[in-house]
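Here's the structure, in structure tokens; my notes come after.
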Number of protein chains: 2
Amino acid sequence: MTNIAYLPVRNTAGKRERTKVANRQAILDAAREVFGELGYETATVRDIIRRTGLASGTFYNYYRSKEEVFDALADDGARRFRPILRAQFEQAADFESFLRGAIQAYFDFLAKEHESWRMNRPAGETFPHARSTPEVVAVFDEVREAFDKVLEREHAPKVDLDYLTAACIAVAREVGDKMLERRPVDTQAATDFAVKLILGGLPALPRL
Amino acid sequence: MTNIAYLPVRNTAGKRERTKVANRQAILDAAREVFGELGYETATVRDIIRRTGLASGTFYNYYRSKEEVFDALADDGARRFRPILRAQFEQAADFESFLRGAIQAYFDFLAKEHESWRMNRPAGETFPHARSTPEVVAVFDEVREAFDKVLEREHAPKVDLDYLTAACIAVAREVGDKMLERRPVDTQAATDFAVKLILGGLPALPRL
DNA sequence: GGGCGATGGTGACGCCCCGTCACGATTTCA
DNA sequence: TGAAATCGTGACGGGGCGTCACCATCGCCC
């Protein structure tokens with residue numbers, strides 16, 4: 001009888017494998033903290049790795065550069081947001097409810113992440129706006145696909161989907177940013193604004 | 001008779017002053033080229049200064065860092081765009097014509113600048129999205145002011161001006177970016193899209 | 001026009017961060 | 001249990017950064 005319960009922690013593969021995922025995660029966590037405290041520009045690879053207690057060389061066993069670890073963080077965010085977006089799509093009755101659900105979800109997501117990012121960052125410091133990492137592109141594509149399907153379902157006139165997607169994401173991003181600067185942070189109001197702008201504009205768009 | 005024509009090049013102040021503006025401009029020009037060829041991240045202060053033939057120390061007599069010279073370039077663009085924007089405002093009959101004029105002007109401006117920036121830059125390389133330099137903030141403020149006045153003039157209902165401005169600039173930026181990726185670059189179509197989206201959305205916006 | 005103080009270009013220098021690599025410890029597998 | 005593979009380690013060379021003492025040149029005034 002090979003009862004797994006008798007073997008200590010055998011349920012999570014070999015030790016090598018375990019420390020690998022642990023290190024990768026530790027670096028990611030440290031990077032999130034350091035970027036939050038020092039700002040992206042100021043932070044150095046060594047600031048990040050120092051916080052993990054690992055040696056400097058070890059960093060490069062996991063990521064090639066500060067940029068790559070930042071992208072990994074962005075990917076991480078996108079990966080966590082994707083299922084939320086998908087859920088909104090699946091339970092949405094029409095375009096309006098999808099749009100509202102998606103934007104509301106994004107703003108809530110933003111507000112929640114806000115804390116873990118902007119912590120003590122020196123004012124004025126800015127992040128590189130999310131790059132085109134695979135997962136981020138995937139979110140963009142997913143939004144376009146969802147738009148396509150929902151508008152198709154409603155027999156809405158064909159419009160420039162690429163522009164529409166870009167515009168919607170742009171509005172969500174920028175209004176989201178402004179929202180975070182206000183006290184109190186009102187995701188409801190911001191959502192209402194963004195949704196009504198887009199929804200009102202949609203019928204006026206040039207047809208293809 | 002102190003005829004200026006007899007004095008050679010006395011019209012442009014002393015030599016010190018002249019070389020100063022010349023150097024500053026040379027650095028700015030070199031920076032534009034280098035950023036265009038190498039991308040912002042890859043470019044170094046020494047890449048820039050090397051192209052001017054000046055010594056490395058001289059760079060720091062004019063700018064404190066690569067970031068600052070980039071900001072100066074952004075300021076430069078904003079400063080050149082501002083009068084265009086202002087002209088659109090002054091000759092606009094109503095909100096629609098102002099919006100259309102401003103966005104068309106911005107897209108034309110973008111398309112024109114496009115050449116001098118993206119030259120041979122390695123694909124995927126990205127610029128830090130325009131920072132909050134004074135002149136850039138001024139453009140943002142000017143847009144908001146213009147919106148305010150035009151909407152006031154038309155007795156349009158009060159809406160969240162900050163969100164509206166942010167949203168419009170966001171749409172213009174992002175649709176502009178996408179526009180530049182297409183061949184041929186069609187500023188007309190892009191303008192039409194952006195204007196109709198915003199104009200359609202405006203009446204639907206929540207009132208204050 | 002000549003001498004003197006101020007201005008600003010110069011490039012070597014020290015500093016720090018980067019990415020690598022040879023080494024050794026630890027784990028895996030037979 | 002011993003050999004092989006894996007991976008953490010930190011010292012090291014390379015290079016970009018920002019500074020500074022030096023000196024050529026300019027502006028100014030006698």
Side-chain angles (χ1 to χ4, degrees), chain A residues 2 4 7-31 33-35 37-73 122 125 128, chain B residues 2 4 6-31 33-35 37-72 122 125 128:
Chain A
T2 54
I4 285 192
L7 303 173
V9 221
R10 221 319 190 249
N11 43 10
T12 44
K15 179 162 189 187
R16 283 230 136 91
E17 207 55 36
R18 268 180 295 137
T19 57
K20 252 209 295 202
V21 308
N23 284 350
R24 178 163 248 115
Q25 192 58 44
I27 292 174
L28 227 49
D29 291 342
E33 287 178 27
V34 170
F35 287 151
E37 290 169 24
L38 266 36
Y40 175 76
E41 300 284 351
T42 322
T44 76
V45 166
R46 265 143 175 100
D47 289 330
I48 298 171
I49 202 66
R50 195 176 307 127
R51 190 163 300 216
T52 67
L54 296 168
S56 63
T58 306
F59 177 91
Y60 296 95
N61 286 340
Y62 294 92
Y63 300 99
R64 267 200 293 273
S65 64
K66 180 173 73 159
E67 287 71 40
E68 197 169 294
V69 80
F70 180 83
D71 285 354
L73 282 175
E125 274 285 355
Chain B
T2 53
I4 287 195
Y6 287 137
L7 302 171
V9 220
R10 222 316 193 249
N11 42 11
T12 42
K15 178 161 187 186
R16 282 233 138 90
E17 209 55 36
R18 269 180 291 135
T19 56
K20 249 203 304 194
V21 309
N23 284 350
R24 179 163 247 114
Q25 192 57 46
I27 293 174
L28 228 49
D29 291 343
E33 288 177 28
V34 170
F35 286 151
E37 290 170 22
L38 266 34
Y40 175 76
E41 300 283 351
T42 322
T44 76
V45 166
R46 263 135 176 106
D47 288 330
I48 297 171
I49 203 65
R50 195 176 306 127
R51 190 162 300 215
T52 66
L54 295 168
S56 63
T58 305
F59 177 92
Y60 296 95
N61 286 340
Y62 294 93
Y63 300 99
R64 268 201 293 273
S65 63
K66 181 174 72 162
E67 287 72 38
E68 198 170 295
V69 79
F70 180 83
D71 284 355
E125 273 286 352

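Quick caveat, the model's predicted, so the values are computed rather than measured. Hydrogens, waters and symmetry mates are skipped; everything else that's a heavy atom, side chains included, is used.
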(request) For B/Ile27 and B/Ile48, work out which heavy atoms get closest and say how close. (result) O-CG2, 3.8 Å
Gap between atoms [atom1] and [atom2], on [X] and [N] respectively (whole Å):
{"X": "B/Leu54", "N": "C/dG9", "atom1": "CG", "atom2": "C1'", "value": "8 Å"}
{"X": "B/Tyr63", "N": "D/dG16", "atom1": "OH", "atom2": "P", "value": "22 Å"}
{"X": "B/Lys20", "N": "C/dG9", "atom1": "NZ", "atom2": "P", "value": "8 Å"}
{"X": "B/Phe59", "N": "C/dG8", "atom1": "CZ", "atom2": "P", "value": "17 Å"}
{"X": "B/Asp47", "N": "D/dC17", "atom1": "CG", "atom2": "C1'", "value": "13 Å"}
{"X": "A/Ile48", "N": "C/dC18", "atom1": "CD1", "atom2": "P", "value": "9 Å"}
{"X": "B/Glu68", "N": "D/dG18", "atom1": "CD", "atom2": "P", "value": "11 Å"}
{"X": "A/Glu41", "N": "D/dC17", "atom1": "CD", "atom2": "P", "value": "13 Å"}

(message) Can you tell me which nucleotide in C/dT10, C/dG9, D/dG18 comes closest to the side chain of B/Tyr60?
(response) D/dG18
(request) Could you tell me the separation between the CG atom of B/Leu38 and the OG1 atom of B/Thr44, rounded to the nearest 0.5 Å? (result) 8.0 Å
(request) Please round to the nearest 0.5 Å and tell me the distance separating atom OH of A/Tyr63 and atom CD1 of A/Ile49. (result) 10.0 Å
(request) Could you tell me whether the side chains of A/Thr58 and A/Asn61 share a donor-acceptor contact shorter than 3.5 Å? (result) no
So which protein nitrogen or oxygen atoms get under 3.5 Å of nucleotides 25-28 of chain C's nitrogens or oxygens?
from: C/dT26; atom 1: O2; to: A/Arg16; atom 2: NH2; distance (Å): 2.9
from: C/dT27; atom 1: OP1; to: A/Lys15; atom 2: NZ; distance (Å): 2.4
from: C/dT27; atom 1: O4'; to: A/Arg16; atom 2: NH1; distance (Å): 3.4
from: C/dT27; atom 1: O2; to: A/Arg16; atom 2: NH1; distance (Å): 3.3
from: C/dT28; atom 1: OP1; to: A/Lys15; atom 2: N; distance (Å): 2.5
from: C/dT28; atom 1: OP1; to: A/Arg16; atom 2: N; distance (Å): 3.2

Indicate whether OP1 or OP2 belonging to [N] is found under 4.0 Å from a side-chain N or O atom of [X].
{"X": "B/Asn61", "N": "C/dG9", "answer": "yes"}
{"X": "A/Arg46", "N": "C/dC18", "answer": "yes"}
{"X": "B/Tyr62", "N": "C/dG8", "answer": "no"}
{"X": "B/Asn23", "N": "C/dG9", "answer": "yes"}

(message) I'd like to know if B/Lys66 and A/Glu41 make a salt bridge, using a cut-off of under 4.0 Å between side-chain N and carboxylate O.
(response) no
(message) Which label fits B/Tyr40 and B/Phe35: parallel for a plane angle under 30°, tilted from 30 to 60°, or perpendicular past 60°?
(response) tilted
(message) Between A/Ala55 and B/Arg64, which residue's closest nucleotide on DNA chain D lies nearer the 5′ terminus?
(response) A/Ala55
(request) Tell me what B/Thr58 touches on the nucleic acid: a base, only sugar-phosphate, or nothing, going by heavy atoms under 4.0 Å. (result) base
(message) Using a 4.0 Å heavy-atom cut-off, does B/Ser56 contact any base of the nucleic acid, only the sugar-phosphate backbone, or nothing at all?
(response) base
(request) Report yes or no: is the cationic atom of A/Arg46 (NZ for Lys, CZ for Arg) under 6.0 Å from the centre of the six-membered ring of A/Phe59, at an angle within 45° of the ring normal? (result) no
